[in-house]
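Heads up: the structure comes next, in structure tokens.
So that the names make sense, note that chain A is the first sequence line, chain B the second, and so on, each numbered from 1.
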2 protein chains.
Amino acid sequence: MKNEHKDNKDTEMKILQAARQVFLSKGYEGARMQEIADSAGINKALLHYYFRKKENLFVEIIKQALGDFFPKITNIWVKDIPFDDRVRQFIVNYISFSLENPDLPRFFINVLYQKPELFVTGIHLKDYVKILNLQEILDNEAKSGRIKQVDAYQFIITILSLCIFPAISNPLLRTTFKLSEDKFKEMMEERKEIVPEIVLNWLHINNK
Amino acid sequence: MKNEHKDNKDTEMKILQAARQVFLSKGYEGARMQEIADSAGINKALLHYYFRKKENLFVEIIKQALGDFFPKITNIWVKDIPFDDRVRQFIVNYISFSLENPDLPRFFINVLYQKPELFVTGIHLKDYVKILNLQEILDNEAKSGRIKQVDAYQFIITILSLCIFPAISNPLLRTTFKLSEDKFKEMMEERKEIVPEIVLNWLHINNK
DNA sequence: GTCTATAAGCAGATAGAC
DNA sequence: GTCTATCTGCTTATAGAC
């Protein structure tokens, strides 16, 4: 009796967890319902009982993943610490995050090339992109002469590039340059010093 | 008679061209032999006559695409012009190239996550990666005090990040930040100034 | 809610005529 | 070398018992 009515949230959770792993690493076309079912410890029929079709499940994963990805981009800017420290902290955090979750940005990039219609279904651009007050912050710093005037979009794109690209290109870079995984890891650690240096030097030169 | 024996190279070319377009935009799993056949103006049976199976065709595309992608990374460094100009020129070229061919790096990144075994089959790392003499060049510049000491890998990864990432993330960035295609294009043009500035400032500070 | 069994559809691959 | 027709196998999805 108890087990009959045990809340589906448990199973649903297991499904979502399994689906996420599979979709993020294999992509929509490469993912197999069978693999998701196996990984969740259930069978295919149950997947369809919960989500009716593959696409629905995929959209759920998009929604869920968005919640992890975007807040990270903006949240740190609200803290009230010196600007340079903020930049440094954001970069270090974002490099770490990207190294731990390289599948996430790769997933979104691919979705938007291959299934953009599903992306818009899932997105809720409430407070994700508080890029607007980032421009304010930059303008303030510039006004007081500490940095040069820069466009917030160029600023954030530069940082995202430097943080995310090496992570998602890990296998490509290692193959291309014949680097061991250890060597690569070491270099990524170094980049937590290098990238802030690059960005801050850019902001600080020619400021008037 | 003439048409009977017309060299298959023509058809083969059309197939490869169609396959490339489809594989690069849809990926291996998303690509359909039917679509490739249609796009090449032939039928599925002929695809198999030429390449026997999908995977073989895919490997051909990898090989071919490698030839476009990697030489671009290294070729410019052999020219004998002032270092700063070399850097600027490389960056501007690579940004342009990435904007025109965003599918190419995205393709390789995905292949190496999802079909790495096929990548090694296709790769011929002869003269692709002349990263070694790039380190020499950097060392020479550093020795004469014009730039600081930097690791060639960190240098090239930094540049590739700044050039490639914005291009492959175009749809993601535009959706996230609600940018029009025109606005985005405009920003990418600006980056042909910004990115060299960023890189050169990094190299020139603290050099002793 | 969860399972087994099965249907339905599709994509890759082959047979065989021309 | 190119085509039409067909097969085979896999994948998503449903039916129906428990």
Side-chain angles (χ1 to χ4, degrees), chain A residues 1-62 110-111 114-115 117-118 121-122, chain B residues 1-62 110-111 114-115 117-118 121-122:
Chain A
M1 182 75 95
K2 185 173 158 216
N3 208 34
E4 264 177 36
H5 280 227
K6 108 175 151 197
D7 199 329
N8 35 12
K9 287 297 166 195
D10 184 46
T11 306
E12 194 175 324
M13 206 75 115
K14 281 194 302 182
I15 293 175
L16 285 170
Q17 203 176 325
R20 180 184 170 123
Q21 198 277 319
V22 174
F23 278 131
L24 259 67
S25 80
K26 307 271 178 86
Y28 181 78
E29 299 284 355
R32 295 289 167 263
M33 295 298 267
Q34 183 66 61
E35 188 181 350
I36 295 173
D38 291 348
S39 173
I42 55 164
N43 59 35
K44 283 187 296 179
L46 211 49
L47 286 185
H48 288 90
Y49 173 79
Y50 277 89
F51 295 94
R52 216 179 82 255
K53 51 181 195 158
K54 187 179 180 183
E55 197 178 280
N56 293 350
L57 183 50
F58 190 66
V59 169
E60 284 309 307
I61 300 306
I62 292 180
N110 284 325
V111 168
Q114 287 159 6
K115 300 266 171 199
E117 71 282 6
L118 299 185
T121 307
Chain B
M1 182 77 94
K2 183 171 158 221
N3 209 35
E4 264 178 35
H5 281 228
K6 107 175 152 200
D7 199 330
N8 35 10
K9 287 296 165 195
D10 184 47
T11 306
E12 195 176 324
M13 207 74 114
K14 282 194 301 181
I15 293 175
L16 285 170
Q17 202 176 325
R20 181 184 169 120
Q21 198 277 318
V22 174
F23 277 131
L24 261 67
S25 79
K26 307 272 179 86
Y28 181 78
E29 299 284 357
R32 295 287 168 262
M33 294 299 265
Q34 185 65 61
E35 186 181 351
I36 295 173
D38 291 347
S39 172
I42 56 165
N43 59 35
K44 280 189 297 180
L46 211 49
L47 285 185
H48 288 91
Y49 173 78
Y50 277 89
F51 294 93
R52 217 178 81 254
K53 52 181 196 157
K54 187 179 180 183
E55 196 178 280
N56 294 349
L57 183 51
F58 189 66
V59 169
E60 284 310 306
I61 300 306
I62 291 179
N110 284 325
V111 168
Q114 286 158 8
K115 299 267 169 197
E117 70 282 6
L118 300 184
T121 307

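D:dC10 atom P lies 18 Å from atom CD of A:Glu29, rounded to whole Å. When the P atom of D:dC7 is taken as reference, atom CE of B:Met33 falls 20 Å away, rounded to whole Å. At whole-Å resolution of the value, CD in B:Gln34 and C1' in D:dA5 are 14 Å apart. Between the CD atom of B:Glu35 and the P atom of C:dC10 there is a distance of 16 Å, given to the nearest Å. Between the CZ atom of A:Arg32 and the C1' atom of D:dC10 there is a distance of 8 Å, rounded to whole Å. Nucleotide D:dC10 holds its P atom 16 Å from the NZ atom of A:Lys54, rounded to whole Å. The interatomic distance linking B:Ile15 (CD1) with D:dG1 (P) rounds to 11 Å, in whole Å. As rounded to whole Å, 17 Å separates atom C1' of D:dT4 from atom OH of B:Tyr49.
Using a 4.0 Å cut-off, no side-chain N or O of A:Thr11 falls inside it from OP1 or OP2 of C:dG1. Contact annotation: B:Tyr50 side-chain N/O to D:dT2 OP1/OP2 distance is under 4.0 Å. For B:His48, a side-chain nitrogen or oxygen approaches OP1 or OP2 of C:dA13 to under 4.0 Å. Residue B:Lys53 places no side-chain N or O under 4.0 Å from the OP1 or OP2 atom of C:dA13.
For the segment residues 37-46 of chain A, residues with any heavy atom less than 4.0 angstrom from an atom of DNA chain C are, sorted by number, A:Ile42, A:Asn43, A:Ala45, A:Leu46.
Of all non-hydrogen atoms in B:Ile36 and B:Ala18, the two that sit nearest each other are O-CB, 3.6 Å. Nearest heavy-atom pair across B:Ile61 and B:Leu16 is CD1-O, 3.5 Å. Residues A:Arg32 and A:Val22 approach most closely at N-CG1, 4.3 Å, considering heavy atoms.
The pair B:Glu29-A:Lys26 fails the salt-bridge criterion, with no side-chain N (NZ, NE, NH1 or NH2) lying under 4.0 Å from an Asp/Glu carboxylate O.
Counting heavy atoms of neighbouring residues, nucleotides and ligands inside a 6.0 Å radius, atom CD of A:Gln17 does not exceed 12 of them.
Taking OG of B:Ser39 as the start and NZ of B:Lys14 as the end, the distance is 10.5 Å to the nearest 0.5 Å.
Side-chain contact annotation: A:Glu60 with A:Asn56, donor-acceptor N/O pair under 3.5 Å absent.
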